[in-house]
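Following: one structure in structure tokens, then a few remarks.
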Amino acid sequence: MEQFIQDWAPTFAALIGIAFAWRLGIAQNAWKTQQLEKEIAELKLQFAKEFSELKDRVKSLEAHRLSDVEILATIQTTLTQMSRLLTEIREELKTKADK
């Protein structure tokens, strides 16, 4: 029996060491996983904040663009009206000159 214990004691000690190392590895992996999940959550919050800021900026630019489009449309309408008025004035002047 003593010989059996001497023969197998290193094997049992190694198995116990492996079991402890395996358990320690699981604990370390769980800690690393928690840290990574925490970092992911922080990155998600940061991304959401930056995305919201970008959406606000786009809305602002679109509002300016719409305002610019309205201004350009008003200018175009005014120029068209002025062109018509000048055409009418030319025709009137030509009519008066022909008389």
Side-chain angles (χ1 to χ4, degrees):
M1 182 68 167
E2 191 174 314
Q3 185 63 34
F4 176 80
I5 293 173
Q6 286 178 355
D7 290 343
W8 288 97
T11 303
F12 287 126
L15 288 175
I16 291 171
I18 290 170
F20 282 125
W22 181 69
R23 183 66 184 133
L24 180 62
I26 290 174
Q28 287 176 341
N29 285 341
W31 180 82
K32 286 179 185 177
T33 301
Q34 289 174 350
Q35 292 302 316
L36 290 173
E37 287 173 352
K38 182 179 175 183
E39 287 180 30
I40 289 170
E42 290 172 0
L43 289 172
K44 282 182 180 179
L45 288 174
Q46 182 180 356
F47 174 78
K49 179 182 174 187
E50 290 177 8
F51 184 73
S52 176
E53 290 172 0
L54 286 174
K55 280 176 49 179
D56 292 344
R57 180 71 177 137
V58 167
K59 286 180 183 177
S60 172
L61 290 172
E62 285 176 345
H64 281 50
R65 181 174 161 243
L66 289 175
S67 142
D68 290 346
V69 168
E70 291 169 354
I71 291 169
L72 290 173
T74 303
I75 291 170
Q76 184 177 8
T77 303
T78 305
L79 289 174
T80 303
Q81 290 171 349
M82 290 174 68
S83 174
R84 286 181 191 151
L85 183 60
L86 287 173
T87 303
E88 289 174 10
I89 292 171
R90 279 190 205 121
E91 289 175 3
E92 209 175 297
L93 289 172
K94 185 177 177 184
T95 304
K96 287 183 180 180
D98 290 342
K99 286 185 183 180

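Every value quoted in this text rests on a predicted model; they were computed, and no experiment measured them.
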Listed pairs under 3.5 Å, donor-acceptor, residues 16-45 side chains, sequence neighbours left out:
| residue | atom | partner | partner atom | Å |
| --- | --- | --- | --- | --- |
| N29 | ND2 | G25 | O | 3.4 |
| T33 | OG1 | N29 | O | 2.7 |

Side-chain atoms of residues 84-91: list all donor-acceptor pairs with protein atoms under 3.5 Å, sequence neighbours left out, distances to 0.1 Å.
| residue | atom | partner | partner atom | Å |
| --- | --- | --- | --- | --- |
| T87 | OG1 | S83 | O | 2.8 |

Give the table of side-chain donor-acceptor pairs shorter than 3.5 Å for residues 55-77, with sequence neighbours excluded, one pair per line with atom names and distance.
| residue | atom | partner | partner atom | Å |
| --- | --- | --- | --- | --- |
| H64 | ND1 | S60 | O | 3.0 |
| T74 | OG1 | E70 | O | 2.9 |
| T77 | OG1 | A73 | O | 2.8 |

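Evaluation of the side-chain hydrogen bond (donor to acceptor under 3.5 Å, both in side chains) test over residues 2-20, restricted to residues two or more places apart or in two chains, returns Q3-D7.
Evaluation of the side-chain hydrogen bond (donor to acceptor under 3.5 Å, both in side chains) rule for E50 yields Q46 as partners, not counting sequence neighbours.
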